[in-house]
Amino acid sequence: NSNVENLPPHVLRLVYKEVSALAADPPEGIKIYPSEEDITELHTAIEGPEGTPFAGGVFRMRLVLGKDFPAVPPKGYFLTKIFHPNVGHKGEICVNVLKRDWKAELGLRHVLLTIKCLLIHPNPESALNEEAGRLLLEDYAEYESRARLLTEIHAMGGPGGTSGAPQDPNDGPQPKKHAGDPMKRAGPSAGAVPAALGNGANGASTTTSSNSSTNNVAGKKKADKKRALRRL
């Protein structure tokens with residue numbers, strides 16, 4: 001739920017100013033998508049850092065400012081699925097800057113940079129995803145493999161993926177058009193026939209057949225006229 005009505009005007013002005021500055025000059029590898037309707041929910045997209053299992057992916061995330069912000073830190077959620085020790089199954093993020101290390105003067109830029117750094121240096125000691133935390137400590141190769149697989153599936157914009165780039169409404173199956181038109185339904189070979197009628201073999205044969213039929217009718221009329229004249 002929006003907290004715009006719950007925040008004091010001076011806090012809203014500070015948030016608006018900071019979000020505008022972030023949008024104009026975002027941290028490297030992070031894109032900001034501010035909402036004019038609800039300044040208390042900030043959507044972002046973080047590029048997976050090079051040298052990590054998340055490289056090449058774009059991870060959508062949102063920060064939610066509560067009614068007690070900035071006294072209380074914002075809450076962060078990954079919207080893109082990710083295999084990471086400090087990200088829960090519902091996308092919730094566990095990082096100290098959003099908990100005990102929070103200070104009102106830190107600001108949203110610091111929060112975003114800290115979350116990006118979390119992709120480089122996970123903290124298995126405060127794991128929300130226990131399996132990811134265990135693999136990170138006991139079998140890094142398996143952890144890296146799992147993390148990279150989910151990155152490829154969900155963060156790279158492939159089939160079923162949910163990358164940070166907005167989805168093209170034209171992507172995916174399209175409604176069938178001209179379903180009742182046999183020329184459309186028959187495919188390219190049938191569709192090419194009308195074009196061929198103007199010239200070429202099909203056009204010539206059709207034209208010859210038409211001319212022959214016309215000549216036969218005219219000849220029959222002349223013969224009938226001659227027979228009528230003989231009777232007179």
Side-chain angles (χ1 to χ4, degrees), residues 1-3 15 19 22 26-33 35 38 40-104 106-158 160-165:
N1 295 329
S2 173
N3 286 302
V15 171
V19 170
L22 279 172
E28 183 179 357
I30 301 177
K31 292 183 179 180
I32 312 297
Y33 302 98
S35 171
D38 186 1
T40 66
E41 185 167 317
L42 182 63
H43 285 251
T44 70
I46 301 178
E47 297 177 5
E50 293 296 327
T52 73
F54 314 109
V58 178
F59 298 86
R60 296 185 298 120
M61 192 201 73
R62 68 185 178 116
L63 289 179
V64 180
L65 312 184
K67 62 181 181 179
D68 297 320
F69 181 85
V72 175
K75 293 182 179 180
Y77 302 90
F78 272 98
L79 302 178
T80 302
K81 288 186 178 180
I82 182 172
F83 188 73
H84 190 287
N86 307 112
V87 181
H89 295 291
K90 295 183 179 180
E92 62 272 27
I93 302 171
C94 179
V95 61
N96 287 337
V97 75
L98 298 180
K99 292 186 176 180
R100 63 175 180 267
D101 291 347
W102 170 254
K103 296 178 182 178
L106 289 177
L108 300 177
R109 181 181 293 270
H110 182 81
V111 171
L112 293 174
L113 288 172
T114 301
I115 293 174
K116 182 182 178 182
C117 287
L118 197 66
L119 298 181
I120 304 173
H121 303 291
N123 182 10
E125 296 179 0
S126 59
L128 289 178
N129 185 329
E130 294 182 0
E131 185 180 10
R134 179 182 62 80
L135 289 175
L136 179 63
L137 293 173
E138 300 176 2
D139 188 350
Y140 183 80
E142 178 64 18
Y143 162 76
E144 183 180 39
S145 176
R146 292 277 297 276
R148 189 175 301 280
L149 178 62
L150 259 70
T151 297
E152 292 174 354
I153 294 174
H154 297 288
M156 289 188 174
T162 53
S163 69

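For the single chain, residues carry numbers from 1 onward in sequence order. It should be emphasised that the depicted structure is a prediction, and the values quoted were computed from it without experimental measurement. Below, each value reflects all heavy atoms present in this structure, side chains not excepted, and no hydrogens, waters or symmetry copies.
- Summarising the geometry, atom CG belonging to Asp139 is positioned 10.5 Å from atom CD belonging to Glu144; distances are rounded to the nearest 0.5 Å.
- Residue pairs meeting the side chain to side chain donor-acceptor pair (under 3.5 Å) criterion with at least one member in residues 107-125, sequence neighbours excluded, are Asn123-Ser126.
- Between Leu63 and Gly76, the shortest heavy-atom contact is CD2-CA, 3.8 Å.
- Taking the six-membered ring where the residue is Trp, Phe83 and Tyr143 present tilted rings, their angle falling between 30° and 60°.
- Between Met61 and Leu112, the closest side-chain pair of non-hydrogen atoms falls below 4.5 Å.
- With rounding to the nearest 0.5 Å, the separation of CZ in Arg60 from NZ in Lys31 is 13.5 Å.
- Between His84 and Phe78, the ring centre distance reaches or exceeds 6.0 Å.
- The closest side-chain heavy-atom distance from Val58 to Thr80 is not below 4.5 Å.
- Two residues are said to be in side-chain contact when any heavy atoms from C-beta on lie closer than 4.5 Å; Cys94 and Lys99 meet this criterion.
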Audit row: Leu108, Val19, side-chain contact (heavy atoms from CB on, under 4.5 Å) steps and yes/no
CA-CA 8 Å; Leu108 300 177; Val19 170; 4.1 Å; yes
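- Between the Ser35 side chain and the Glu41 main chain, no donor and acceptor come within less than 3.5 Å of each other.
- Residues Thr40 and Phe69 are not in side-chain contact: their nearest non-hydrogen atoms beyond the backbone lie 4.5 Å or more apart.
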Steps toward side-chain contact (heavy atoms from CB on, under 4.5 Å) verdict (Leu106, Val111):
CA-CA 8 Å; Leu106 289 177; Val111 171; 5.7 Å; no
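- Smallest separation of non-hydrogen atoms from Ala104 and Pro70: CB-O, 3.5 Å.
- Between Lys75 and Leu98 there is no side-chain heavy-atom pair separated by less than 4.5 Å.
- Atom CG of residue Asn129 and atom CD of residue Glu92 lie 9.5 Å apart, to the nearest 0.5 angstrom.
- In this structure, CG on Asp38 lies 8.0 Å from NE2 on His43, to the nearest 0.5 angstrom.
- In this structure, Leu22 CG and Ile30 CD1 are separated by 9.0 Å, a value rounded to the nearest 0.5 Å.
- Looking only at distances, a side-chain donor or acceptor of Thr151 sits under 3.5 Å from a matching main-chain atom of Ala147.
- Nearest heavy atoms, Asn3 versus Gly66: ND2-CA, 3.6 Å.
- Checked against Ile115 for a side-chain contact (heavy atoms from CB on, under 4.5 Å), the options Val87, Asn86, Ile46 give a single hit: Ile46.
- In this structure, CH2 on Trp102 lies 13.5 Å from CG on Asn96, to the nearest 0.5 angstrom.
- The two residues Pro85 and Ala132 have their closest heavy-atom pair at N-CB, 3.7 Å.
- Nearest heavy-atom pair across Val64 and Tyr77 is CG2-CE1, 4.2 Å.
- Side chain of Thr52 to main chain of Ile120: no donor-acceptor pair is present (N/O by atom type, distance under 3.5 Å, no hydrogens or angles).
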